[in-house]
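Heads up, the thing below is written out as structure tokens.
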Amino acid sequence: MKLHELRELIKLVNQSSIEELEWEKGKERIVIKKSEPAAASVTPLPVQTDEVDQGYRQAAATAETATLAVEKEQETPAPEKTPQLVLSTSVGLFYTQVKVGQTIKADDVIGRCTVDALQLSSDIVSTANGVVAEMLVQDGQLVDYGKPLLVVKPQ
């Protein structure tokens, strides 16, 4: 494996939620692990009883406000068509195959994620029907699993 390929793998692991990457090809074997964060100790501060009572009063007032908000939400009809997000099902550099304003259906290929160093590539398919309203990532941007890629407005 070449040095620039190794650097790309390290960059991929650092910028994603992957904790460990193990890659083997022939006699070459590479394992990249993220270091664990240092443990932080938390010392609780003593709490005054007046502060506790005031906290209970604030929580009760917040609960009443939340109940009123829920009742108002139930009275107003919810919008029928809310925009949906299409999420990445892979890790790598995302290359789009759709444009804003284009009509797509569920299971249409909307782009491709690639990891050049590993020579891996996978299609990303839409989970929604509608019109592409907004692209949330740029072409060639590194994406992680579950990252929102685009907004689809149902028709």
Side-chain angles (χ1 to χ4, degrees), residues 1-25 28-40 42 55-155:
M1 176 176 273
K2 296 179 182 175
L3 183 59
H4 73 277
E5 293 172 332
L6 184 58
R7 284 183 181 155
E8 189 174 332
L9 284 175
I10 292 170
K11 183 179 173 183
L12 176 69
V13 171
N14 284 336
Q15 293 179 347
S16 70
S17 62
I18 298 172
E19 293 296 322
E20 180 178 338
L21 176 69
E22 187 173 333
W23 181 78
E24 191 172 335
K25 185 175 183 181
E28 293 180 334
R29 182 172 184 257
I30 296 173
V31 177
I32 301 172
K33 295 181 182 180
K34 283 187 179 179
S35 61
E36 293 188 24
V42 178
Y56 284 133
R57 281 188 236 112
Q58 287 176 348
T62 304
E64 287 176 18
T65 305
T67 303
L68 292 175
V70 168
E71 288 173 359
K72 285 183 182 180
E73 280 183 24
Q74 291 173 351
E75 291 173 7
T76 58
E80 293 177 19
K81 299 180 181 178
T82 59
Q84 297 179 344
L85 295 175
V86 176
L87 307 177
S88 174
T89 55
S90 184
V91 175
L93 299 176
F94 176 72
Y95 297 99
T96 184
Q97 295 178 2
V98 294
K99 297 178 183 171
V100 173
Q102 183 175 340
T103 302
I104 60 173
K105 293 181 260 171
D107 297 326
D108 282 354
V109 176
I110 60 153
R112 179 176 286 274
C113 272
T114 63
V115 180
D116 293 332
L118 296 176
Q119 299 174 350
L120 293 175
S121 180
S122 62
D123 288 337
I124 306 296
V125 295
S126 173
T127 54
N129 296 317
V131 177
V132 178
E134 182 182 0
M135 297 298 296
L136 300 175
V137 296
Q138 297 176 358
D139 208 32
Q141 182 177 340
L142 180 65
V143 297
D144 198 2
Y145 179 82
K147 180 176 177 99
L149 301 173
L150 52 95
V151 178
V152 176
K153 185 175 178 183
Q155 289 182 327

From CD1 (Ile104) to CD (Gln155), nearest 0.5 Å: 10.0 Å
Stepwise side-chain contact (heavy atoms from CB on, under 4.5 Å) test for Thr89 and Ser122: CA-CA 9 Å; Thr89 55; Ser122 62; 5.7 Å; no
side-chain contact (heavy atoms from CB on, under 4.5 Å) assessment of Leu136 paired with Leu85: CA-CA 9 Å; Leu136 300 175; Leu85 295 175; 3.8 Å; yes
Flag, side chain of Asp139 to backbone of Thr96, donor-acceptor distance under 3.5 Å: yes
N/O donor-acceptor pair under 3.5 Å between Ser88 side chain and Ser90 backbone: yes
Whether over 12 other heavy atoms sit under 6.0 Å from Tyr95 OH: yes
Counterpart residues, salt bridge (charged side-chain N to carboxylate O under 4.0 Å, His left out), relative to Asp123 (two or more places apart): Arg112
side-chain contact (heavy atoms from CB on, under 4.5 Å) evaluation trace for Val86 with Val152: CA-CA 7 Å; Val86 176; Val152 176; 3.7 Å; yes
Euclidean distance, Gln141 CD relative to Met135 CE, rounded to 0.5 Å: 10.0 Å
Nearest-0.5 Å distance that lies between atom CD1 in Ile110 and atom CG in Leu149: 5.0 Å
Heavy-atom closest pair, residues Pro83 and Val151: CB-CG1, 3.6 Å
Rounded distance (nearest 0.5 Å) linking atom CD of Gln84 with atom CG of Asn129: 8.0 Å
OG1-CG distance between Thr114 and Leu142, expressed to the nearest 0.5 angstrom: 9.5 Å
Leu87 side, atom CG; Leu150 side, atom CG - distance, nearest 0.5 Å: 9.5 Å
Closest approach of Val91 to Cys113 (non-hydrogen atoms, all atoms of both residues): O-CB, 4.2 Å
Least distance between heavy atoms, Gly111 atom then Phe94 atom: CA-CE1, 3.8 Å
